[in-house]
Amino acid sequence: SKMATPVLAAVNVLGGLIFGYNLGAAANVQNATAETLAPNDFDSLKQGVLSGSIILGAMFGSLVAGSLAERFGRKKGLLVLSFITTVACAVSAAMPNFWALSTLRLFLGIGVGMTTVICPLYVSEMAQSENRGLLGSVFQVFITFGIFVAYLSGYFLAQMPNYTISWRIAFGLGAIPPAILFLASLVFIPESDKWLSKQDAEQATQRLLNPDADRVDYASDGLTPALTAADSKGGWSGLFSRRHIAKILLGIVLSASVQLTGINALIMYMPSIFENAGFEKTLSPILTIVGGAANFVATFPALLLVDRLGRRPLLLSGLAIMLVSMATVAGIMIRGGITSTLAWVVFAAILMFQVGFELSPGTLFWIILGEVFPSSVRDQANSLINVVNWIFNVIIVFFYPPLASAVGVGYSLLIFSIVNVLVLIVLFFMYKETK
């Protein structure tokens, strides 16, 4: 039977918080981390490693998550990811040096990557069809809320008299949401109905293939030969069959719309971007918090409109807003000689970019993935596309600081604008409504 909406919402709330908080946790405590663990040599490479280690781990976690969820079930997957993230957050707060911390954040990333696959997958399977879009959007809403909480807590922790321990507290606080999810999965959350049905179907198929098996009663088992035949074409071989290639390409382009258009460069390095736009160093963290709040608030229109207007209108209009906004920021920063007025234009354009992102790929990526692929290959498809998503993320987080240092912030943001144009054109012709 379908689970109550509040329980399903809670799974995506906690999953979104795990992802969002840990993604944004380093932003406003980066200086404290540097002064404590790398006081003399915190260069752009180490800046990329600190932010990128969690992303690299998440790429691996998203790769194994689909197979884990398929073999052992969604409930056990929730238990594993919440255990990993709880332990990693708690232990990372006590790391004695930079490379030990980066290693723990790599381990943390495995749990975060699993979260992006298993939580939305579980909710999409257990939700009623009329609520699936809304419940899917909850995951993105609380990713943005987690980022906002990370920015806000990091700012206030950095004001502590002994602020060099602020990063330890900031990273340690990340253990709270996964600990709650672990307990909830252990006690309250049942296994996915669809996963259980799939296991029954596979067992029925084995009985059919076994000449010594008893006769299968399809009426009593609630199965049909068509269902078992469809399931037998699943798995990785089924995913890479000719009929799913276009869907895989669509998933890759959607991943590009999420990562290669610049959102994570903003999330990870927003304070330094504001400083390059001419804002004072003391003001940049406050503007970062405002940006995080705008990111969170912008998810609510998508929440209200996703099941009313459909996915395609929101996706294309949001990408158009992102394109105009990022191009504006890039143009002003390339031009140089930024006045106080132009600096505030940059700030407003960055906020508008975040609004466009949350209206379109930020919210819709998880929903569309759950709708495009059939259940027989959905586990593998979610893992594959999430790995591509994290690969793009790794590229951005590791290489944005050296790129911005080499060619300037303006030209690096111009590259994101060019990718946005390409993504918008491809999705205009390639993506059909999946509501």
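- Paired with Phe139 under the rule side-chain contact (heavy atoms from CB on, under 4.5 Å), one option of Val11, Thr115, Leu14, Val13 passes, and it is Thr115.
- In this structure, Glu191 does not pair ionically with Lys76, as no charged nitrogen and carboxylate oxygen lie closer than 4.0 Å.
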- Begin with the C-alpha distance, continue with both residues' side-chain angles, and end with the deciding distance and a verdict on side chain to side chain donor-acceptor pair (under 3.5 Å) for Glu358 and Thr299. CA-CA 5 Å; Glu358 297 306 338; Thr299 57; 5.7 Å; no
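- Separating the CD1 atom in Ile350 from the CG atom in Asn295 is a distance of 12.0 Å, to the nearest 0.5 Å.
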- Task: Take Leu101 and Asn97 through the test side chain to side chain contact (heavy atoms under 4.5 Å, CB included) and record every step on the way to the result.
- Result: CA-CA 6 Å; Leu101 174 63; Asn97 60 63; over 6 Å; no
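- Contact check for Phe392 versus Val388: side-chain heavy atoms found under the 4.5 Å cut-off.
- A distance-only check finds a donor-acceptor pair linking the side chain of Asn276 to the backbone of Ser272 [under 3.5 Å].
- In this structure, the side chains of Phe428 and Leu316 come closer than 4.5 Å at one or more pairs of heavy atoms.
- Remark: Leu422 CG to Thr261 OG1 distance equals 11.5 Å, nearest 0.5 Å.
- Considering only heavy atoms from C-beta on, Leu250 comes within 4.5 Å of Leu427 through its side chain.
- Taking each heavy atom of Gly24 and Ala150 in turn, the nearest pair found is C-CB, 3.5 Å.
- Contact detail for Phe19 and Ile143: the closest heavy-atom pair is CD2-CD1, 3.2 Å.
- Using a distance-only test at 3.5 Å, with no hydrogens or angles considered, no donor-acceptor pair links the side chain of Lys75 to the main chain of Ser192.
- Proximity of Phe142 to Asn12: side-chain heavy atoms (C-beta onward) are nowhere separated by under 4.5 Å.
- Looking at Arg312, its side chain does come within 3.5 Å of a backbone N or O of Tyr431 through a donor-acceptor pair.
- Side-chain atoms of Tyr21 come within 3.5 Å of backbone atoms of Ala170 as a donor-acceptor pair (strictly under, hydrogens ignored).
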- Message: Assess the residue pair Arg105 and Phe171 against the criterion (side chain to side chain contact (heavy atoms under 4.5 Å, CB included)); give the C-alpha distance rounded to whole Å, side-chain angles, the decisive distance to 0.1 Å, and a yes or no.
- Response: CA-CA 9 Å; Arg105 285 181 65 77; Phe171 291 154; 3.4 Å; yes
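- At a threshold of 4.5 Å between non-hydrogen side-chain atoms, the residues Leu81 and Pro178 do not count as touching.
- Distance check: Thr85 OG1 to Ile176 CD1 gives 12.5 Å after rounding to the nearest 0.5 Å.
- Shown here for Ile118 and Ala69, the closest heavy-atom pair between the two residues is CG1-CB, 4.2 Å.
- The OG atom of Ser317 lies 11.0 Å from the CE atom of Met322; values are rounded to the nearest 0.5 Å.
- By the neighbour-count criterion of 12 heavy atoms within 6.0 Å, atom NZ of Lys247 is densely surrounded, having more than that number from other residues, nucleotides or ligands.
- Using a 4.5 Å heavy-atom threshold, the side chains of Thr288 and Phe274 count as touching.
- Listed here is the closest heavy atom pair of Leu309 and Glu433: O-OE1, 4.5 Å.
- A heavy-atom distance below 4.5 Å is not found between the side chains of Leu183 and Ile180.
- Between Arg74 and Glu125 there is a salt bridge, since at least one side-chain N of the basic residue sits less than 4.0 Å from a carboxylate O of the acidic one.
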- Message: Let's go through Glu371 and Arg311 carefully: what are the C-alpha distance in whole Å and the side-chain angles of both, what is the deciding distance for side chain to side chain contact (heavy atoms under 4.5 Å, CB included) to 0.1 Å, and is it a yes or a no?
- Response: CA-CA 11 Å; Glu371 294 175 336; Arg311 290 39 163 162; 2.4 Å; yes
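- Looking at Thr363, its side chain never comes within 3.5 Å of a backbone N or O of Ser360 through a donor-acceptor pair.
- Using the six-membered ring where Trp is involved, Phe182 and Phe83 have ring planes that are tilted, between 30° and 60° apart.
- Ile396 and Ala265 get closest at one heavy-atom pair: CG2-N, 3.9 Å.
- One distance of note links CD1 of Ile18 with CG of Leu108; it measures 9.5 Å at 0.5 Å rounding.
- At least one donor-acceptor pair under 3.5 Å links the side chain of Ser412 to the backbone N or O of Val409.
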- Task: Begin with the C-alpha distance, continue with both residues' side-chain angles, and end with the deciding distance and a verdict on side chain to side chain contact (heavy atoms under 4.5 Å, CB included) for Ile248 and Leu239.
- Result: CA-CA 8 Å; Ile248 293 172; Leu239 175 63; 4.0 Å; yes
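- Without hydrogens or angle criteria, Thr86 side chain to Ala179 main chain gives a donor-acceptor distance under 3.5 Å.
- Below 30°, between 30° and 60°, or above 60°: for Phe296 and Phe145 the angle between ring planes is between 30° and 60°, a tilted geometry.
- Taken to the nearest 0.5 Å, the SG atom of Cys119 stands 9.5 Å off from the CE atom of Met114.
- Counting heavy-atom neighbours within 6.0 Å of Phe347 CZ, excluding the residue itself, gives a total above 12.
- The heavy-atom pair separating Ala277 from Met333 by the smallest distance is N-CE, 3.7 Å.
- Put simply, the side chain of Leu315 reaches to within 4.5 Å of the side chain of Leu254, judged on heavy atoms.
- With Ser325 contributing its side chain and Ile321 its backbone, the two residues share a donor-acceptor pair below 3.5 Å.
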